[in-house]
Amino acid sequence: MKSEGFFELVYQTVRQIPFGRVTSYGAIAEYLGTKGSARMVGWAMNASHLQPDNIPAHRVVNRNGLLTGKAHFGSPDLMQKLLENEGFVIENDKIKNFKERFWDPSKELDLD
DNA sequence: GGTGTGACCAGCT
DNA sequence: AAGCTGGCCACAC
């Protein structure tokens, strides 16, 4: 196995999020094996904008479906705009049908 | 190599 | 019910 940084693992997982789906930091953390450290995922996302690739960080929200990271985008409204562009219903900075749109990598994806 | 930090989560008060 | 605290682990200085 290549000793890639934890960040890149998060980026790869986020890239695998299908269009029109969202996931939570904790779900990604659990998928990567660091279940207890959802903060790591969020922190990795903090550097996502430093990556050359376009990371769909807007598809990653907290456990409550709340757009916690919207403030870290170019503009606070950018994240919501992107989500709405994908057909999401945002209400009070929260995904309305988050539960239906939730995408769990641990269930959808499989460990190589 | 210790300290600080972070876009979270769950539990306690 | 709502606010606060601790815990968790990887990365930067």
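Protein chains get the first letters and strands the later ones, always in sequence-line order, with residue 1 at the start of each.
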Footprint ends on DNA chain B, 5' to 3', for atoms under 4.0 angstrom from a heavy atom of chain A, come out as B/dG4 to B/dC9

Check: [Y] main-chain N/O paired with [X] side-chain donor or acceptor under 3.5 Å:
{"X": "A/D104", "Y": "A/S106", "value": "yes"}
{"X": "A/S37", "Y": "A/M40", "value": "no"}
{"X": "A/R101", "Y": "A/F88", "value": "no"}
{"X": "A/Y31", "Y": "A/G26", "value": "no"}
{"X": "A/T23", "Y": "A/W103", "value": "yes"}

Between A/Q16 and A/Q12, do the side chains contain an N or O donor and an N or O acceptor separated by less than 3.5 Å?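 Not at all, the side chains of A/Q16 and A/Q12 share no donor-acceptor pair under 3.5 Å.
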
Nucleotides bounding contact with chain A, strand DNA chain C, heavy-atom threshold 4.0 Å: C/dG7 to C/dC11

With a 4.0 Å cut-off on heavy atoms, is A/F6 in touch with a base, just the backbone sugar-phosphate, or nothing at all?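 Touches sugar-phosphate only.
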
Of all residues at least two apart in sequence or in a different chain, which pass the side chain to side chain donor-acceptor pair (under 3.5 Å) check with A/R15?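 Here the qualifying residues are A/D53.
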
Using the test salt bridge (Lys or Arg N to Asp or Glu O under 4.0 Å), find all partners of A/D77 that sit at least two apart in sequence or belong to another chain.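 Per chain and number, A/D77 pairs via salt bridge (Lys or Arg N to Asp or Glu O under 4.0 Å) with no residue.
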
Which residues share a salt bridge (Lys or Arg N to Asp or Glu O under 4.0 Å) with A/E86, sequence neighbours left out: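 Checked A/E86 against salt bridge (Lys or Arg N to Asp or Glu O under 4.0 Å); matches are A/R59.
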
In Å, rounded to the nearest 0.5 Å, how long is the span from CD of A/E91 to CG of A/N97?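 Reported value, rounded in 0.5 Å steps: 10.5 Å.
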
Which of residues 40-73 of chain A have a heavy atom under 4.0 Å from DNA chain C?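 Contacts with DNA chain C under 4.0 Å: A/M40, A/W43.
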
